[in-house]
Amino acid sequence: MRSAVCATEVVVIAAPDNSVALNCGGAPLLLEGEQVGEGLQLEASAAEGTQLGKRYTNETGDLELLCVKPGEGTLAAEGVALVQKGAKPLPSSD
Amino acid sequence: MNLMMLLEMAAQGFGERVAFVNGDESLTYQQLFEAAGQAGMRLRDGAHEHVAMLDVSSLALPIGLFASAWAGKPFVPINYRLSSHEVEGLVSRIEPAFMVTDAERIASWSSRSEVELEARQTFVDRACKGTSPVENDWPMAPDDIAVLLFTSGTTGTPKAAVLRHRHLVSYMFSAVEFGSAAEDEVALVTVPPYHIAGVISVISSVYAGRRVVQLPNFNARDWIDIARRERVTNGFLVPTMLSQIVSELEGQDSANLPLLASISYGGGKMPQPVIERAMALLPNTKFTQAYGLTETSSTICVLLPWEHRAAGASDDPAERRRLTSVGRPLPGVELQIRNEEGRALPPGQRGEIYVRGDQVSGEYVGRGSVLDAQGWFPTRDAGELDEEGYLFLEGRADDVIVRGAENMSPGEIEDVLLRHPAVLDVCVVGVPDEHWGEAVAAVVVLRPGGEATADELRDCVRNQLRSSRVPQFINFASELPYNETGKLLRRIIRENWAAN
């Protein structure tokens with residue numbers, strides 16, 4: 001999914017069972033192929049930016065987005081800003 | 001989703017870092033990205049349906065893998081150790097193909113298959129020096145095939161396992177943290193490109209930002225020399241390689257590898273004495289064991305460094321035995337042990353291992369998916385879980401010996417025989433028997449200078465297991481047949497037995 005108002009692109013890693021409204025920079029995130037609506041602009045109140053390769057999650061932890069392209073907007077679900085997950089060590093062999 | 005997403009992220013995040021080193025040659029992430037673009041545009045415009053690589057590890061491997069993703073064509077690494085007849089058989093299944101190989105092989109190539117050959121060095125040079133205009137527009141369909149891997153065929157004709165972009169990308173997103181490698185991290189990779197671990201090590205190192213030093217042909221002394229010279233911090237090995245490194249280090253004045261922070265191993269059964277010796281020789285190195293299959297995009301279970309240490313330091317035999325466990329499932333993987341009727345079994349009972357998760361493909365060319373309706377993949381590996389969820393492998397489900405109405409796993413008998421001080425290696429198989437259907441047969445390799453009679457070994461089994469497990473036949477041999485990635489070839493032993 002990509003932001004309508006900045007360069008941010010994310011991949012959904014985990015999603016809750018019910019549908020949630022996802023925003024970036026104050027505008028709904030777009031699905032692959034979806035067109036940008038007219039007159040949309042980055043909202044100043046939602047411009048903290050996204051960082052490449054970081055994971056973003058909601059308060060309940062059932063939603064996780066991974067930033068694959070960084071941008072200026074803030075990611076949010078149901079109007080609440082997502083928080084960047086601390087890099088926890090994964091039990092990996094790689 | 002496309003593997004190229006991962007390389008693009010790496011090039012953006014840490015483009016100037018060195019990504020791959022082979023001998024005197026190297027590529028940064030940015031250079032790899034650009035080379036993949038040049039080669040990718042060429043491959044996209046070609047009429048070939050597959051991009052094959054019949055070669056040892058070289059810089060052509062990461063370029064070829066990512067260029068194939070860029071072009072939207074499956075990448076097919078092929079085992080260069082196969083006979084030309086076997087290679088011909090595999091290549092005919094992927095024609096029309098573009099294939100990178102070594103110059104010598106091109107000179108002697110006589111296949112009738114529709115395949116365009118290019119020498120490794122030509123492929124790398126054209127990719128690195130190309131100046132064609134490039135568009136960053138690789139296909140993003142998650143169901144596109146990223147890699148076709150021929151299984152090792154230890155039980156018959158190799159099957160072409162299908163790994164789609166979504167399987168490999170899911171695995172990276174669930175198992176690896178982007179850019180998590182420190183700048184001084186260097187991995188020494190000796191696994192060949194045609195093995196799933198060889199493919200995955202390329203992708204995971206790129207995503208983590210870890211420098212990879214390639215060692216195309218393994219031998220223990222070179223491995224140790226390169227590890228010291230290149231300041232290697234992470235090693236990826238199969239158990240037989242670790243065993244050889246341990247023997248080599250034991251013969252040297254000191255096992256001095258102070259920068260070697262971690263060793264990951266997998267791909268076969270690790271004998272308990274080998275891992276114990278390795279841990280004693282390299283007390284500051286963290287060991288991780290991985291268990292996985294081609295069809296599961298590699299690792300599904302890991303035994304972590306702290307679990308190695310806890311098991312190694314324990315006096316409790318049950319906890320110490322955990323050194324021979326392959327650990328517990330990764331977060332994105334569900335695992336069950338099932339009986340022959342398909343019912344899930346509780347801890348402590350042997351059955352077939354089933355797994356489920358986004359990284360699990362379980363699909364072969366021409367056969368389709370073997371996943372059940374709920375998405376579970378039957379691994380054909382036999383195993384059991386302990387109360388804490390640690391998985392113990394018991395060989396292939398097909399290796400189960402059925403004597404009378406009783407099922408037994410070769411592994412439990414082998415474990416007993418391996419504890420005999422004179423026994424170096426052993427393989428137990430079922431052989432045809434008129435009375436029982438199958439009888440238990442063992443081929444035993446004794447340690448140099450070790451002595452044990454067949455009757456003594458039978459007593460050893462009789463004292464620890466039920467009498468049905470006692471081998472009816474015991475042969476002695478100087479070595480057992482393994483393939484080059486350390487898999488014991490039970491089929492060969494059964495065939496030899498049938499022939500004699």
Side-chain angles (χ1 to χ4, degrees), chain A residues 1-4 6-17 19-20 22 24-25 29-36 48-58 60-75 77 82-94, chain B residues 1 5-6 8-10 12-14 140-142 166 169-181 187 197 200-205 207-210 234 236 262-266 287-292 298-307 326-333 358:
Chain A
M1 302 178 83
R2 64 195 172 96
S3 171
C6 74
T8 298
E9 287 185 23
V10 297
V11 177
V12 180
I13 302 294
D17 294 334
S19 72
V20 279
L22 297 175
C24 183
L29 277 175
L30 304 174
L31 293 168
E32 184 83 31
E34 221 176 327
Q35 293 301 312
V36 180
E48 282 173 35
T50 51
Q51 279 184 284
L52 181 67
K54 297 297 180 190
R55 297 166 192 267
Y56 292 85
T57 185
N58 59 356
T60 45
D62 53 5
L63 174 72
E64 184 176 317
L65 305 180
L66 177 79
C67 172
V68 296
K69 279 199 181 139
E72 294 163 340
T74 305
L75 291 166
L82 300 183
V83 292
Q84 191 180 314
K85 252 179 133 172
K88 67 168 169 38
L90 296 166
S92 170
S93 58
D94 301 302
Chain B
M1 279 188 186
M5 283 168 68
L6 309 179
E8 187 184 35
M9 288 171 75
Q12 278 179 9
F14 33 83
M140 283 295 276
R166 65 183 157 88
V169 175
S170 300
Y171 172 58
M172 287 305 137
F173 286 166
S174 72
V176 183
E177 201 64 47
F178 175 71
S180 56
I200 288 289
S201 74
V202 170
I203 307 169
S204 64
S205 297
Y207 193 61
R210 188 185 300 114
N234 305 63
F236 293 82
S262 79
I263 287 181
S264 299
Y265 62 91
F287 289 87
T288 301
Q289 171 161 216
Y291 159 64
S298 90
T299 307
I300 49 179
C301 284
V302 284
L303 185 72
L304 296 167
W306 72 266
E307 293 166 324
V326 293
R328 293 188 278 197
L330 291 177
V333 173
D358 287 342

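Only a predicted model underlies this, so the values are computations on that prediction, with no experimental measurement involved. Throughout, protein chains are lettered first and strands after them, A, B, ... in sequence-line order, and every chain is numbered starting at 1.
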Please flag which part of B:Ser174 lies under 4.5 Å from any non-hydrogen atom of chain A: side chain, backbone, both or neither.
backbone
Enter the distance from A:Leu52:CG to B:Met9:CE here, rounded to the nearest 0.5 Å.
4.5 Å
Side chain, backbone, both or neither: which part of B:Gln289 has a heavy atom under 4.5 Å from chain A?
neither
Assess whether atom CD of A:Glu48 is packed by more than 12 heavy atoms of other residues, nucleotides or ligands within 6.0 Å.
no
By a 4.5 Å heavy-atom criterion (distance strictly below it), what part of B:Thr299 contacts chain A: side chain, backbone, both, or neither?
side chain
Which atoms of B:Ile200 come close to chain A, meaning under 4.5 Å heavy atom to heavy atom: side chain ones, backbone ones, both, or neither?
side chain
Checking heavy atoms, do the side chain of B:Arg328, its backbone, both or neither come under 4.5 Å from chain A?
neither
Under 4.5 Å from any heavy atom of chain B - which part of A:Leu66:
side chain
Can you tell if the side chain of B:Phe173 reaches within under 4.5 Å of the side chain of A:Val12, non-hydrogen atoms only?
no
Contact origin within B:Val302 toward chain A - heavy atom pairs under 4.5 Å
side chain
Proximal component of B:Met5, with respect to chain A [non-hydrogen, under 4.5 Å]:
side chain
Measuring heavy-atom distances to chain A, does B:Phe236 have an atom under 4.5 Å in its side chain, in its backbone, in both, or in neither?
side chain
Do A:Arg55 and B:Glu177 come within less than 4.5 Å of each other through their side chains, counting heavy atoms only?
yes
Tell me, side chain or backbone of B:Phe287 under 4.5 Å from chain A's heavy atoms, or both, or neither?
neither
Can you tell me if A:Glu64 has over 12 outside heavy atoms packed within less than 6.0 Å of its CD?
yes
